[in-house]
2 protein chains.
Amino acid sequence: MVKAADKEFVKEITPQGTDFSQWYVDCITKADLADYAPVKGCMVLKPYGYGLWERIQAGLDRRFKDTGHQNAYFPLFIPESYLQKETEHVEGFSPEVAWVTHGGGELLAERLAVRPTSETIICAMYARWIHSYRDLPLLLNQWGNVVRWEKTTRPFLRTTEFLWQEGHTAHATEEEAEAEARRMLEVYRDFIENEMAIPVVAGEKSPREKFAGAARTYSLEALMRDGRALQAGTSHNLGQHFAKVFGINFLDQEGQLQHVWQTSWGVSTRLIGALIMVHGDDRGLVFPPRIAPTQVVLVPILPPRDRSAVLTRARQLEGSLKELYRTTLDAREEYTPGWKFNDWEMRGVPLRVELGPRDLAKGEVVLVRRDTGEKATVSQERLAEAVGEALGSIQDGLWQRALAFREENTGVAATREELAVIMEGRRGLVAAGWCGRDECEEEVKEKTGATIRNLPFQQRAVTGCLNCGRPAAHFVYFARAY
Amino acid sequence: MVKAADKEFVKEITPQGTDFSQWYVDCITKADLADYAPVKGCMVLKPYGYGLWERIQAGLDRRFKDTGHQNAYFPLFIPESYLQKETEHVEGFSPEVAWVTHGGGELLAERLAVRPTSETIICAMYARWIHSYRDLPLLLNQWGNVVRWEKTTRPFLRTTEFLWQEGHTAHATEEEAEAEARRMLEVYRDFIENEMAIPVVAGEKSPREKFAGAARTYSLEALMRDGRALQAGTSHNLGQHFAKVFGINFLDQEGQLQHVWQTSWGVSTRLIGALIMVHGDDRGLVFPPRIAPTQVVLVPILPPRDRSAVLTRARQLEGSLKELYRTTLDAREEYTPGWKFNDWEMRGVPLRVELGPRDLAKGEVVLVRRDTGEKATVSQERLAEAVGEALGSIQDGLWQRALAFREENTGVAATREELAVIMEGRRGLVAAGWCGRDECEEEVKEKTGATIRNLPFQQRAVTGCLNCGRPAAHFVYFARAY
């Protein structure tokens, strides 16, 4: 029975249709993913939220190493003079910087930026380390925290400090750098689609939206359930912009001094925001099994008397499941099974296993899927097998559902007015032609709130620019974005 | 053949006996563990050094989780008012703080400390999260970076920014907190001794040396090859000091409001400094196999003609070894085998496998141990087995050698004068009696440069205080410390 004192713990989630933003915050705080910190714009990642990040880290780190990258660690602080070397870069990041001005009780001779990204400090080191073509390619990655002072913040999506990884590579040729930038975008796509079950559109950013200091920026764009897009990962071909200002030179095989060609690429805890907003529903979080910190929750339904038989069997089943799946046994006595069902559903655990006295007698258990609510009775003997099948089916089901949602919410606009109508309605991704001029991009944004998400690699035939009607240079996706 | 242009790459290491500090720095920079950063007191962890940290992280993280802890992440920035709440704590850390005063182009209303440690921000959150005995114990750990503004710095041992983990727990009773503080020290001891082969003395810090804000601090003390001690890990029983000032209260089972009892504990990249200085020799680094990023290096000795037979076999052997051990094949053509031998020895790789044309003909390889230089010829058929045996033997040999070194360098002093003589000579750990008074501790430090490392858990009988001759309250170890 739920005791009076426990009732307050039954969590209420605002429905998505009522207020999507509030639904999002409810999910995060009530499922204990994160909490607001007493520092403006910062959040605390609680164990359940950090567990997601640990799984993202593990999955990506393995892929980075499989593609020949190594991890390193560069300083948190960047001298102001370094940040100012690359003109576009400093213009892009300066307004967002947190500055350390005092250390050890003294005013510093030069202000130190708390890194908003590490291109400049890493390039300073690369200039010291790279001398010969034999030192190339240099393929490093860093896991760490960065700080960008933001006016409006939202947990996981935009916080003053966030956790991320940033890859930084140097190459002997432009072709290699371009191939690396594209390869790492593909590594991200593989992880995000196959592990997180989030469909993404891979493409190139428009010049206005590219990274400050890059030659070209590639991005993955995902569609959230409120019809807004979210940039889920970026990879930059930096060209020789940084190599020139930091003097990263090497002697090539012919003994000629050359500038290196560089890339950088990153994903952040933002991915957790995407995970929530792509799969969640009105009952709370829904996690794809491959990324879920807990894949299976086992809830014993204890009779008033002789509780030990059910509990003993539940512990046995937990033991055997644990070897194969991330399993939690919820044997707490202060909550009813019904309360636990709601609670674990809210927390997004993909599969629930119920074991009551009647199940025990029949040698069965009941499996309940989080994604569809579907129930199935299976014999205890083939539990491990059935759980494996169910988790596979849930992973696939969530992927298909997200893919179908994106298809249903991808429209076409021949004119800016058509785009505006869609943006006032269900939003989503909108395919359109674009002439390639900044002023059209700017005007569309001003009038509709939609921005060019990217120029997809899979270009389609388009005739005219949705804004000016001139011949279209590119097929693009517009959306309102987080 | 070593080409003229490559000669500069043959690394020279200053002998330990000539200048231990220079030997230490040579090892770090020439073996590519780390490099100096262009920010005062900061270093860059290069892939080989970061690889050690990844192994330390993996080994400890598993142990933390096995003892019921979960990871979380708290903000980098701590408002000045939070840092000032616990009197001892603020006095201890304020002089070392780096302050953020500007963010987003504006002067901040309140300065933000870049965390030197996270007790205060974490306690602020615990006060929000803990309400009932059911919320206890709360067992969290954080992996991250901290900043302490240091006047003199040394790579890994004392840098402005460093990487570490900090555990923070809250308990219902004093006994539980005490047990936790002791348990985590034991987790550290197990890891440091069994994986890193570094013998440590576990004990309690004197009140003068305890953590700012703790009731009691426990430490592990290791002896370096220059006779100086290094604190390798600490665990603090915080009592209710922080709970009282941050108001971390809970209703106990009787419905009474109580303050929680807390602990915190941490180890840092400093452990890498200990690893270098406990095992290294005049040829460079020596890594115990369990912690070594590369356990086995395979160097083919290629004949002038028909190189492919040796190389092909070397690749086959690499393939089979890789499944069991962290193996690198050094097939670089621009260096001679002799140059490679020196290079990998300098980098501390525990075991080398050599394969030349004669070995190939006989179906053999030569194994060379880094710790003893011992060579053994083994048949290729039982290579994997022989490598496993050799690695086990090296791990054990390094442990025994470090233990013997510590025994040989542990002395006894009945008086301060005796201690002073030892400190002017070979140094090492010195066992002595201490009355327990601050003034004696202070005077000994002033006159001999030695500090009380800790009051070992394994107390021995002592008669008088080495400084004042009064009855000794404790058996302690003195040493000059890093």
Side-chain angles (χ1 to χ4, degrees), chain A residues 5 35 37-40 42-51 53-54 61 70-79 82 94-106 108 111-112 114 121-122 124-125 128-129 132 134 140 142 144-145 147-151 160-161 163 269 332 334, chain B residues 5 35 37-51 53-54 70-79 82 94-106 108 111-112 114 121-122 124-125 128-129 132 134 140 142 144-145 147-151 160-161 163 269 332 334:
Chain A
D35 197 357
V39 186
K40 193 189 151 295
C42 288
M43 67 170 175
V44 175
L45 279 167
K46 297 178 86 170
Y48 199 47
Y50 196 83
W53 184 237
E54 286 181 305
D61 199 67
Q70 292 181 294
N71 289 326
Y73 189 77
F74 295 85
L76 173 70
F77 295 143
I78 300 177
Y82 282 72
S94 273
E96 299 182 354
V97 168
W99 293 103
V100 172
T101 55
H102 292 74
E106 288 174 13
L108 304 182
R111 297 200 296 179
L112 299 173
V114 182
I121 188 91
I122 290 179
M125 298 311 296
R128 210 189 274 185
W129 296 343
S132 147
R134 286 189 191 138
L140 300 187
Q142 167 170 286
N145 52 346
V147 168
R148 297 179 187 173
W149 213 264
E150 300 279 2
K151 285 208 176 58
T160 301
E161 182 193 9
L163 302 181
T269 36
R332 290 177 292 178
E334 64 268 33
Chain B
D35 198 357
V39 185
K40 194 190 150 292
C42 288
M43 67 171 176
V44 175
L45 279 167
K46 297 177 85 170
Y48 199 46
Y50 196 83
W53 183 238
E54 285 181 306
Q70 292 181 295
N71 289 326
Y73 189 77
F74 296 84
L76 173 69
F77 296 142
I78 301 177
Y82 282 72
S94 272
E96 299 182 353
V97 168
W99 293 104
V100 172
T101 55
H102 293 73
E106 288 174 13
L108 304 183
R111 296 199 297 179
L112 299 174
V114 182
I121 189 91
I122 289 179
M125 299 311 294
R128 210 189 274 184
W129 297 342
S132 146
R134 286 188 190 140
L140 300 188
Q142 168 169 285
N145 53 345
V147 168
R148 296 178 188 175
W149 212 263
E150 302 279 0
K151 286 208 174 57
T160 302
E161 182 192 9
L163 302 181
T269 36
R332 289 177 293 178
E334 63 268 33

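Everything numeric here is computed off the predicted structure, so don't read it as measured data. Letters A, B, ... are given to chains in the order of the sequence lines, protein chains preceding strands, and every chain is numbered from 1.
Between B/Trp99 atom CH2 and A/Thr101 atom OG1 the span is 10.5 Å, to the nearest 0.5 Å. Distance check, rounded to the nearest 0.5 Å: CZ of A/Arg134 to CZ of B/Arg332 gives 9.5 Å. Summarising the geometry, atom CG belonging to A/Asp61 is positioned 6.0 Å from atom CD belonging to B/Glu54; distances are rounded to the nearest 0.5 Å. Put simply, CG on B/Asp35 and CH2 on A/Trp129 are 6.0 Å apart, with the number rounded to the nearest 0.5 Å. Separation of atoms SG (B/Cys42) and CG (A/Leu112) is listed at 8.0 Å; rounding is to 0.5 Å.
A heavy-atom distance below 4.5 Å is not found between the side chains of B/Tyr73 and A/Thr269. A/Val44 is not listed as a side-chain neighbour of B/Ile121, based on a closest heavy-atom distance of 4.5 Å or more. Put simply, the side chain of A/Asn71 does not reach to within 4.5 Å of the side chain of B/Trp53, judged on heavy atoms. B/Val100 has its side chain within reach of A/Val114: a pair of non-hydrogen atoms, C-beta onward, lies under 4.5 Å apart. The closest side-chain heavy-atom distance from B/Pro75 to A/Met43 is not below 4.5 Å.
Proximity to chain A is absent for every atom of B/Arg148, based on heavy atoms less than 4.5 angstrom apart. Heavy-atom distances place both the backbone and the side chain of A/Leu76 under 4.5 Å from chain B. Residue contact with chain B, scored on non-hydrogen atoms closer than 4.5 Å, is absent for A/Tyr48. With a threshold of 4.5 angstrom between heavy atoms, A/Pro38 approaches chain B through its backbone and through its side chain.
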Next item on the list: Take B/Lys46 and A/Phe74 through the test side-chain contact (heavy atoms from CB on, under 4.5 Å) and record every step on the way to the result.
Entry: CA-CA 8 Å; B/Lys46 297 177 85 170; A/Phe74 295 85; over 6 Å; no
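Closest approach of B/Val39 to A/Pro79, counting heavy atoms only: CG2-CD, 3.7 Å.
In this pair, A/Phe77 and B/Trp149 present their aromatic rings tilted. The plane angle is within the 30 to 60° band.
The salt bridge (Lys or Arg N to Asp or Glu O under 4.0 Å) search around B/Lys40 returns none, not counting sequence neighbours. Not a single salt bridge (Lys or Arg N to Asp or Glu O under 4.0 Å) links B/Glu96 to another residue, sequence neighbours left out.
Per-residue heavy-atom pair counts under 4.5 Å with chain B were compared for A/Ser132, A/Gly103, A/Gly144, and the maximum is reached by A/Gly103. Across B/Ile122, B/Leu108, B/Leu163, the residue that shares the most heavy-atom pairs under 4.5 angstrom with chain A is B/Leu163.
With B/Gln70 contributing its side chain and A/Pro47 its backbone, the two residues share no donor-acceptor pair below 3.5 Å.
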